[in-house]
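Note sheet for the following structure.
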2 protein chains.
Amino acid sequence: MADTDLRERIKEVAVEHFNANGYHGTTIRNIAKDVNCSLPMIYYYYKNKKEMFDEIIKKDFFNLLEKQASLLKIDNVVDFYTKFIYDLNFLSNYDKQVYRLGIKVYLSFDGDEELMSLMDEWEKSILPRHYQLLKPYIKNVGNEIAVVRTLVHLLETMIENIIVKNRYLPEDEIREEISIVLQGCV
Amino acid sequence: MADTDLRERIKEVAVEHFNANGYHGTTIRNIAKDVNCSLPMIYYYYKNKKEMFDEIIKKDFFNLLEKQASLLKIDNVVDFYTKFIYDLNFLSNYDKQVYRLGIKVYLSFDGDEELMSLMDEWEKSILPRHYQLLKPYIKNVGNEIAVVRTLVHLLETMIENIIVKNRYLPEDEIREEISIVLQGCV
DNA sequence: CTATAATTCTAACGAACGTTAAAGAAAGGA
DNA sequence: TCCTTTCTTTAACGTTCGTTAGAATTATAG
């Protein structure tokens with residue numbers, strides 16, 4: 001086992017535990033047991049429980065979000081958003097769990113004030129980004145902003161179904177729903 | 001203070017704590033401190049921590065859901081769903097927090113397997129109920145089921161915004177989004 | 001081979017947890 | 001008045017928590 005393999009392994013197990021039991025329900029001892037290492041090893045690689053949780057959200061979750069956002073390049077609008085959501089089905093287990101944990105913090109079901117405000121900032125950037133993306137392709141009048149807002153809301157629910165409830169969403173259902181929202185606009 | 005006033009007060013404070021800190025992050029001592037009673041008083045009225053949590057979900061949350069569902073009577077479809085969501089803004093603080101806690105369990109962010117499966121049953125009833133409600137008013141062909149599904153998904157996000165993120169959703173925004181989904185069908 | 005640095009362990013610390021025993025106050029009917 | 005039931009408290013139990021001290025082991029470099 002190489003240098004930081006154990007560190008990564010600890011974090012993987014921690015993500016599972018934080019997901020299953022929440023921050024307070026997760027114990028360092030249980031993590032160590034599942035990793036098959038001694039308890040103080042956790043403290044060798046991480047300053048404490050809180051810094052571990054913070055690293056998962058601040059590093060891994062936001063990396064994931066940025067990676068996702070960077071993929072936002074449009075050809076056909078419906079095709080594009082369908083693929084965007086559909087691909088979430090095939091994220092790695094670790095990425096899914098990090099994503100799930102992030103959503104948990106986003107909904108202020110876990111984490112602390114600091115992480116929450118990071119989330120708020122991110123959220124504020126969502127609508128403008130999608131509006132800018134869709135702008136060149138929307139031909140309708142008047143209610144474009146409402147359409148983008150509705151679309152983003154719909155995307156949120158679908159993301160939650162895949163990531164949080166761990167369901168498989170078939171491509172045609174995704175396409176159907178996106179088409180309904182965008183019908184006549186694009 | 002009457003007979004069961006203290007019992008209710010304890011539950012109110014408990015709901016706040018479960019919401020803010022999760023099941024494991026909530027301590028009986030902190031509840032007692034906020035209620036301004038001694039620690040064993042909690043055990044005088046509730047068998048233990050778990051039964052308290054269970055009562056909140058099984059009694060209060062599901063009562064709330066049923067009360068909401070019983071209001072589902074349609075005149076004008078868009079008006080109706082708009083009002084349905086808009087009224088959530090004005091739920092009492094206690095009802096909002098119970099609702100929030102229920103959603104937390106629904107997303108399996110808290111609670112246990114038993115509560116989760118209760119939620120699953122409830123969830124299965126959602127789509128058929130809305131489909132039956134909307135059926136007489138939908139005039140479109142082919143994709144009615146997808147429209148209902150999309151509508152329910154949209155409703156979910158809006159409920160989450162009001163209840164979980166504790167935001168005020170203005171009536172016209174709600175109406176706009178519902179209209180976009182239902183456009184041409186109703 | 002030896003010394004230094006990087007890992008990993010056993011053992012324990014104080015604090016906080018859920019829960020309960022046991023007894024004191026308050027209230028109400030006889 | 002006294003007795004019984006209902007409410008409320010102080011004090012403590014055993015357990016588990018996050019965290020650390022300090023020593024043992026392993027790897028690395030000279």
Side-chain angles (χ1 to χ4, degrees), chain A residues 1-60 101 104-105 109-115, chain B residues 1-60 101 104-105 109-115:
Chain A
M1 228 185 246
D3 229 30
T4 63
D5 270 11
L6 181 55
R7 193 177 193 281
E8 289 304 298
R9 171 105 188 88
I10 287 171
K11 190 155 67 171
E12 274 174 36
V13 171
V15 166
E16 285 172 28
H17 283 230
F18 283 135
N19 259 308
N21 311 115
Y23 180 82
H24 291 102
T26 295
T27 74
I28 311 286
R29 278 171 177 81
N30 285 340
I31 293 174
K33 191 184 293 176
D34 275 13
V35 172
N36 241 322
C37 70
S38 71
L39 198 152
M41 279 311 295
I42 314 284
Y43 289 93
Y44 183 72
Y45 287 111
Y46 298 92
K47 192 182 162 200
N48 54 35
K49 187 176 167 184
K50 176 161 169 28
E51 275 211 351
M52 225 166 120
F53 190 84
D54 281 8
E55 175 175 321
I56 292 166
I57 298 298
K58 289 184 184 170
K59 248 181 71 180
D60 294 19
L101 207 49
K104 200 168 172 180
V105 175
F109 282 145
D110 221 330
D112 56 11
E113 293 290 331
E114 187 208 351
L115 293 179
Chain B
M1 231 186 243
D3 228 31
T4 62
D5 269 12
L6 181 57
R7 192 177 194 282
E8 289 304 299
R9 171 106 188 88
I10 287 171
K11 190 155 66 173
E12 274 173 36
V13 172
V15 165
E16 285 172 27
H17 283 230
F18 284 134
N19 259 309
N21 310 114
Y23 180 82
H24 290 103
T26 295
T27 75
I28 311 286
R29 279 172 177 82
N30 285 340
I31 293 174
K33 190 184 294 174
D34 275 12
V35 173
N36 240 324
C37 69
S38 70
L39 198 151
M41 280 308 296
I42 316 283
Y43 288 94
Y44 183 73
Y45 287 110
Y46 297 92
K47 194 183 159 201
N48 53 36
K49 186 177 167 182
K50 175 160 168 33
E51 274 211 352
M52 225 166 118
F53 190 84
D54 280 10
E55 177 176 318
I56 291 167
I57 298 298
K58 289 184 184 170
K59 248 180 73 180
D60 295 19
L101 206 50
K104 201 169 171 179
V105 175
F109 281 145
D110 218 330
D112 56 10
E113 292 290 329
E114 186 208 352
L115 293 179

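For the numbers below, each heavy atom of this structure counts, side chains included, while hydrogens, waters and symmetry mates do not. Chain identifiers are assigned alphabetically (A, B, ...) following the order of the sequence lines, protein sequences preceding nucleic acid strands; residue numbering begins at 1 within each chain. What you are looking at is a predicted structure, and each value in this text was computed from that prediction instead of being measured.
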Between [atom2] on [N] and [atom1] on [X], what's the gap in Å once rounded to a whole number?
| X | N | atom1 | atom2 | result |
| --- | --- | --- | --- | --- |
| A:Leu6 | C:dA6 | CG | C1' | 13 Å |
| B:Ile31 | C:dC17 | CD1 | C1' | 13 Å |
| B:Arg9 | D:dC7 | CZ | C1' | 18 Å |
| B:Glu51 | C:dT19 | CD | P | 10 Å |
| B:Tyr44 | C:dA23 | OH | P | 18 Å |
| B:Asp5 | D:dT6 | CG | P | 18 Å |
| B:Asn36 | D:dT8 | CG | C1' | 13 Å |
| B:Met52 | C:dG18 | CE | P | 10 Å |

Pairing residues for A:Thr26 by the side-chain contact (heavy atoms from CB on, under 4.5 Å) criterion, not counting sequence neighbours:
A:His17, A:Phe18, A:Asn21, A:Ile31

Nearest heavy-atom neighbours spanning B:Ala14 and B:Met52
CB-CE, 3.0 Å

Is B:Arg7 salt-bridged to B:Glu55, cutoff N-O under 4.0 Å?
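Salt bridge present between B:Arg7 and B:Glu55.
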
Below 4.0 angstrom, N of the basic side chain to O of the carboxylate: do B:Lys11 and B:Asp60 qualify?
yes

Nucleotide N/O of nucleotides 12-19 of chain D paired with protein N/O under 3.5 Å:
{"residue": "D:dG18", "atom": "OP1", "partner": "A:Thr26", "partner atom": "O", "Å": "3.0"}
{"residue": "D:dG18", "atom": "OP1", "partner": "A:Lys49", "partner atom": "NZ", "Å": "2.9"}
{"residue": "D:dG18", "atom": "OP2", "partner": "A:Ile28", "partner atom": "N", "Å": "3.1"}
{"residue": "D:dG18", "atom": "N7", "partner": "A:Arg29", "partner atom": "NH1", "Å": "2.7"}
{"residue": "D:dG18", "atom": "O6", "partner": "A:Arg29", "partner atom": "NH2", "Å": "2.8"}
{"residue": "D:dT19", "atom": "OP2", "partner": "A:Tyr43", "partner atom": "OH", "Å": "2.9"}
{"residue": "D:dT19", "atom": "OP2", "partner": "A:Lys49", "partner atom": "N", "Å": "3.1"}
{"residue": "D:dT19", "atom": "O5'", "partner": "A:Tyr43", "partner atom": "OH", "Å": "3.4"}

Does A:Lys49 reach the main-chain N or O of A:Tyr23 with its side chain, forming a donor-acceptor pair under 3.5 Å?
yes

Give a yes or no on whether A:Lys50 atom NZ has more than 12 heavy-atom contacts from other residues, nucleotides or ligands under 6.0 Å away.
yes

Under 4.0 Å from OP1 or OP2 of D:dT8: is there any side-chain N or O of B:Tyr45 that close?
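Result: yes.
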
